[in-house]
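Each chain gets a letter, A, B and so on, in the order the sequences are listed, and its residues count up from 1.
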Number of protein chains: 2
Amino acid sequence: MSVAAIKYDSGVSRWEPNARGRLERAAMDLYVERGFEQTTVAEIASRAGLTERTFFRYFSDKREVLFYGAASLQELLVTTVTDAPAGTSPISAVAGAIEIAGALFQERRDGSRTRQAVIEANAELKERELIKLAALAAAMAEALRGRGVKDPIASLAAEAGIAVLKISFEEWVSLSGDDDLPLRMRAAFADLRAVTAG
Amino acid sequence: MSVAAIKYDSGVSRWEPNARGRLERAAMDLYVERGFEQTTVAEIASRAGLTERTFFRYFSDKREVLFYGAASLQELLVTTVTDAPAGTSPISAVAGAIEIAGALFQERRDGSRTRQAVIEANAELKERELIKLAALAAAMAEALRGRGVKDPIASLAAEAGIAVLKISFEEWVSLSGDDDLPLRMRAAFADLRAVTAG
DNA sequence: AAGCGCGATGTCACTCGCTGACATCACAGT
DNA sequence: ACTGTGATGTCAGCGAGTGACATCGCGCTT
């Protein structure tokens, strides 16, 4: 039971609130402090005042805790693509979505960077990140199809967008200054056009 | 000890030869028969006449057995990019490499398809595949840099190539006929040019 | 106000992937 | 014959992840 169940004389409810948030935070802290592999789920749970079993009720596995935000990002991308003005070309719709995502990352600059450092340091986490990116691409492709774009155009546009996101984000993360990510993405789309024209 | 150590009166050596190959085959068979998750490493090893411990001496994990060929594929792509005639554009060098890879898959059409069916059926395997593809992209980008191509051009060209590979391969696999994969890839590169121009 | 169902959490036992340490033993070279 | 080596086996153990069942405040019903 322990910390999470501390009861005050006043009418505090049975459990300390925000179990998921506590787990997320404990995990991030430990992953940063000692690395992903060197952290056990039991340690995370204990730091959050919960048990291992409860951790797995909130997160399907030890990696997922770092990717909890991916769902809302995907939703954002899909909505942006879907809501692009009629007549917008597939690549422009995708580019718009990707640049908005870029702005989001930029708002949480420090968070994005430490998070990325944790991921880069571990192969399992890189795998998980790649499948999340692939899911984003698939979702955007689906959104394009919803706009009447045929395959393979839809898939290609979506994958191109994700490639730009990946590459721009990597560069941006490695920079120490406060480089503008959406701008960098816009430039990358232009570069991509030039590259494919080669 | 068991099957692997059968000794014939003639001077056969201590161990049945080709342990790695036997493990690979046993694993593939079981993954196809019963699925990846439903197969334990102990079963694979036992079918190959070896022990679990030995499996892990040949393959770093249960998934890797399906991706053993990735190293030589990567080598092929890198060599092809590197050896492209001077003056070849980055995207053309990449396209050449990707189409050669496509020809390779086509040679082993049935094998490619059953293998892909196994991978598609399991999320962990998809993750592993994605990281292998990312490694291919990184290697091609590096090869381009070796030709004097600067980033982000090199990375973008490489990622574009992998996107084409992924999408074309997916379509090709889903087709029942004997569609020409390299040709489909060439078309996808053309589509990509049109898409990015949008 | 007593009773009751529910939901969040805990406890326990278990499987399986994976690893380190050490043993075995045919074969090759001396 | 002697010995070193490489491929394999044996064993013990950790940690991720899961299923089944127990606990117990809270809030609704009556």
Side-chain angles (χ1 to χ4, degrees), chain A residues 1-24 26-27 30-31 34-68 122-125 127-128 131, chain B residues 1-24 26-27 30-31 34-68 122-125 127-128 131:
Chain A
M1 185 148 299
S2 77
V3 185
I6 288 176
K7 282 171 228 79
Y8 303 78
D9 287 340
S10 55
V12 173
S13 72
R14 186 173 181 193
W15 311 106
E16 210 54 29
N18 196 22
R20 164 169 260 130
R22 271 151 50 216
L23 286 167
E24 230 170 334
L30 285 167
Y31 293 170
R34 333 168 30 175
F36 175 79
E37 278 196 65
Q38 286 62 48
T39 303
T40 70
V41 173
E43 287 167 346
I44 298 169
S46 149
R47 180 173 291 207
L50 295 164
T51 63
E52 199 178 342
R53 193 67 184 86
T54 298
F55 176 95
F56 287 113
R57 288 202 177 96
Y58 284 101
F59 303 100
S60 56
D61 63 52
K62 193 185 162 190
R63 289 175 272 171
E64 200 60 18
V65 66
L66 278 167
F67 298 91
Y68 186 58
N122 182 273
E124 290 180 58
L125 291 174
E127 291 188 347
R128 179 56 52 86
I131 209 169
Chain B
M1 185 148 300
S2 76
V3 185
I6 288 175
K7 283 171 227 83
Y8 303 77
D9 287 340
S10 54
V12 173
S13 72
R14 184 174 182 189
W15 312 106
E16 211 52 31
N18 195 22
R20 163 169 261 131
R22 270 152 51 216
L23 286 167
E24 230 170 331
L30 285 166
Y31 293 169
R34 335 170 29 180
F36 175 79
E37 279 195 64
Q38 286 62 47
T39 303
T40 70
V41 174
E43 287 166 346
I44 298 169
S46 149
R47 179 173 290 206
L50 294 164
T51 63
E52 200 177 342
R53 193 66 183 86
T54 297
F55 177 94
F56 287 112
R57 289 201 176 96
Y58 283 100
F59 302 101
S60 55
D61 65 52
K62 192 186 164 190
R63 289 174 274 170
E64 200 59 21
V65 65
L66 277 168
F67 298 91
Y68 186 60
N122 182 273
E124 290 181 58
L125 291 175
E127 291 189 347
R128 179 56 53 86
I131 208 169

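Spacing between atom CG of A:Leu23 and atom C1' of C:dA8 amounts to 13 Å, rounded to whole angstrom units. Counting to the nearest Å, the C1' atom of D:dG6 and the CZ atom of B:Arg20 are 15 Å from each other. For B:Gln38 and D:dT18, the CD to C1' distance is 14 Å, given to the nearest whole Å. C:dT9 atom P lies 9 Å from atom CZ of A:Arg14, rounded to whole Å. As a whole-Å value, the separation of B:Arg57 CZ from D:dT5 P is 18 Å. B:Trp15 has its CH2 atom 7 Å from the C1' atom of C:dC25, to the nearest Å. Atoms CG (A:Leu50) and C1' (C:dG7) sit 15 Å apart, rounded to a whole Å. For B:Arg22 and D:dA7, the CZ to P distance is 14 Å, given to the nearest whole Å.
Close to C:dT9, at under 4.0 Å from its OP1 or OP2, lies no side-chain N or O of A:Thr51. Between A:Tyr58 and the phosphate of C:dT9, there is a side-chain N or O to OP1/OP2 separation shorter than 4.0 Å.
Between A:Glu16 and A:Arg22 there is no salt bridge, since no side-chain N of the basic residue sits under 4.0 Å from a carboxylate O of the acidic one. Between B:Arg63 and A:Glu127 there is a salt bridge, with a side-chain nitrogen of the basic residue lying less than 4.0 Å from a carboxylate oxygen of the acidic one.
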task: Treat primed atoms plus P, OP1 and OP2 as sugar-phosphate and everything else as base, then score nucleotides 12-19 of chain C 5' to 3': B for base contact with protein heavy atoms under 4.0 Å, S for sugar-phosphate contact only, - for none.
output: ----SSBB
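Partners of A:Arg34 according to the side chain to side chain donor-acceptor pair (under 3.5 Å) rule, which considers only residues two or more places apart in sequence or in another chain, are A:Glu43.
Counted within 6.0 Å of CZ on A:Phe67, heavy atoms from surrounding residues, nucleotides or ligands total more than 12; the atom is thus considered enclosed.
Atom-to-atom distance recorded for B:Tyr58:OH and B:Glu24:CD is 11.5 Å, nearest 0.5 angstrom.
In this structure, A:Lys62 contributes its side chain and A:Phe56 its backbone to no donor-acceptor pair below 3.5 Å.
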